[in-house]
K.L.:
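One structure, pasted below without further comment.
Remember, it's 1-based here, ligands and their atoms both numbered in the order they're listed. Bear in mind the structure is a predicted one, so any value in this text is a computation, not a measurement. Worth knowing before you read on, the calculation uses all heavy atoms, side chains too, and leaves out hydrogens, waters and symmetry mates.
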Amino acid sequence: MTLTAPARASARLIDGKAFAASLRARTARKIKSLLARTGTKPGLAVVLVGEDPASQVYVRNKAKQTLEAGMDSFEHRLPDTTGQAELLALVEILNRDDKVHGILVQLPLPKQIDADAVLRAIDPAKDVDGFHVVNVGKLATGAKDAMVPCTPLGCLMLLKETLGSLAGARALVLGRSNIVGRPMAALLIGESCTVTVAHSKTRDLPEECRRADILIAAVGKPRMVQGDWIKPGASVIDVGINRVTEHGKQRLVGDVDFDAAARVAGWITPVPGGVGPMTIACLLANTLTAACRRAGIDSDSL
Ligand code: GUN
């Protein structure tokens, strides 16, 4: 398999919506089988502090898909005046609750709360977001039992599904956040890619991008990546979900100028319908993994 596709008039789409649906179906089948074999029904607890509208949409979608997959969903909504001690006390209760296999505290948290302290209080075995320093360290050192953050895990699955082996590819990760950029770079190193992490201080970003067989854009800047930044035939994964108003209408656009990039790339994810649907599908898969580990079952055997 070559890592850049042959020249075409336009890129092929990486259909995240379809792949997420098949991952959810696979997870739901395994949940049934885990329940039948061990009596364990995986449970996911989601904690939302405050009224951030985007977070409310995510949390509602998470709860709906959790139930559809056959898991228990526990939702905890707290006012935005919640103090750190109160939130830590809830995390402690969830850590001890045997019905809860996965805990997710939705970010961002209100200013009065130290998010790092909260993430570190979550039992690493229930940390389905993969944000606890223990899981971050496991991923960075290539340990097999790391909980991997859902968005970069979804991106990696799409790339492997599309390209097969990624070994030897030059990968450029645009963005260095703890949620996407850094874990994405660690995952690509694990796949034997040659990885560059670019950010706001990177010199000659277009030139760095043009060297990449795989370009992951995760900066939250609408259509920042231009068509002529892309190597012909490259695979482009657009993590951006930016709300813009155009001609009086709201729409979602990625971090990549899709129309221009699609004329140059070999493969590209659309926005919406690319990376977005993979995130919750991976969250469900991580919760199943956590429940299997607790039950002492290899999830591949289900
Ligand atoms: N806010 C935006 N993305 C995420 C995510 O993947 N996990 C959590 N906990 N909060 C988020």
Side-chain angles (χ1 to χ4, degrees), residues 16 20 23-24 43-66 73-78 80 82 84 87-88 90-91 94-95 100-111 113-124 126-136 139 146-158 173 175-187 216-221 237-243 252 254-255 271-272 274-287 289-290:
L23 176 59
R24 283 198 307 271
L44 173 64
V46 173
V47 180
L48 174 61
V49 185
E51 314 271 319
D52 179 66
S55 293
Q56 285 181 325
V57 174
Y58 290 140
V59 166
R60 206 171 320 125
N61 286 337
K62 280 169 193 163
K64 180 168 172 280
Q65 293 186 29
T66 302
S73 170
F74 307 100
E75 235 179 279
H76 296 267
R77 289 170 181 263
L78 304 176
D80 68 359
T82 301
Q84 168 131 346
L87 182 54
L88 288 173
L90 173 60
V91 167
L94 298 173
N95 280 344
V100 172
H101 301 86
I103 301 171
L104 180 146
V105 177
Q106 184 69 29
L107 302 176
L109 287 166
K111 287 186 293 293
I113 294 176
D114 174 357
D116 285 340
V118 173
L119 297 178
R120 280 175 209 200
I122 296 172
D123 177 350
K126 296 189 178 188
D127 170 36
V128 285
D129 255 332
F131 295 163
H132 191 287
V133 287
V134 165
N135 285 313
V136 175
L139 177 60
M147 275 287 168
V148 178
C150 301
T151 299
L153 179 58
C155 294
L156 185 71
M157 286 181 180
L158 291 178
V173 179
R176 53 179 158 174
S177 70
N178 289 336
I179 296 181
V180 185
R182 287 170 202 238
M184 188 76 245
L187 283 171
I216 316 260
V219 277
K221 299 233 183 301
I237 305 289
D238 191 348
V239 181
I241 302 179
N242 307 293
R243 224 168 282 274
L252 292 181
D255 293 348
V271 177
V275 173
M278 290 300 291
T279 299
I280 298 182
C282 288
L283 176 68
L284 305 179
N286 277 354
T287 306
T289 300

K.L.:
Find out whether L48 and L78 are in side-chain contact, i.e. whether some heavy atom of one side chain is under 4.5 Å from a heavy atom of the other.
P.N.:
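No - every pair of side-chain heavy atoms lies 4.5 Å or more apart.
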K.L.:
Any non-hydrogen side-chain atom of Q56 less than 4.5 Å from a side-chain atom of R77?
P.N.:
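A side-chain contact under 4.5 Å exists here.
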K.L.:
Check whether any side-chain heavy atom of I280 sits under 4.5 Å from a side-chain heavy atom of Y58, and report yes or no.
P.N.:
no
K.L.:
Looking at atom 11 (C) of ligand 1, what's its closest protein heavy atom, distance included?
P.N.:
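Of the protein heavy atoms, Q106 NE2, 3.5 Å lies nearest.
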K.L.:
Select the closest option to atom 1 (N) of ligand 1 among L107, V105, I280, judged by heavy-atom distance.
P.N.:
L107
K.L.:
Please report whether ligand 1 has a polar contact with D129, defined as an N or O pair separated by less than 3.5 Å (distance criterion only).
P.N.:
yes
K.L.:
Could you see which bit of Y58 sits under 4.0 Å from ligand 1, with heavy atoms only: side chain, backbone, both or neither?
P.N.:
neither
K.L.:
Taking all heavy atoms of G130 and all of V136, pick out the closest pair and write down the distance.
P.N.:
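Nearest pair, atom of G130 first, then V136: O-CG2, 3.9 Å.
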K.L.:
Work out whether the distance between some heavy atom of L104 and some atom of ligand 1 is less than 4.0 Å.
P.N.:
yes
K.L.:
Do L139 and P149 make a side-chain contact, defined as non-hydrogen atoms from C-beta onward lying under 4.5 Å apart?
P.N.:
yes
K.L.:
Would you check whether T279 has a nitrogen or oxygen atom less than 3.5 angstrom from a nitrogen or oxygen atom of ligand 1?
P.N.:
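Looking only at distances, the answer is no, because the N/O contact criterion of under 3.5 Å is not met.
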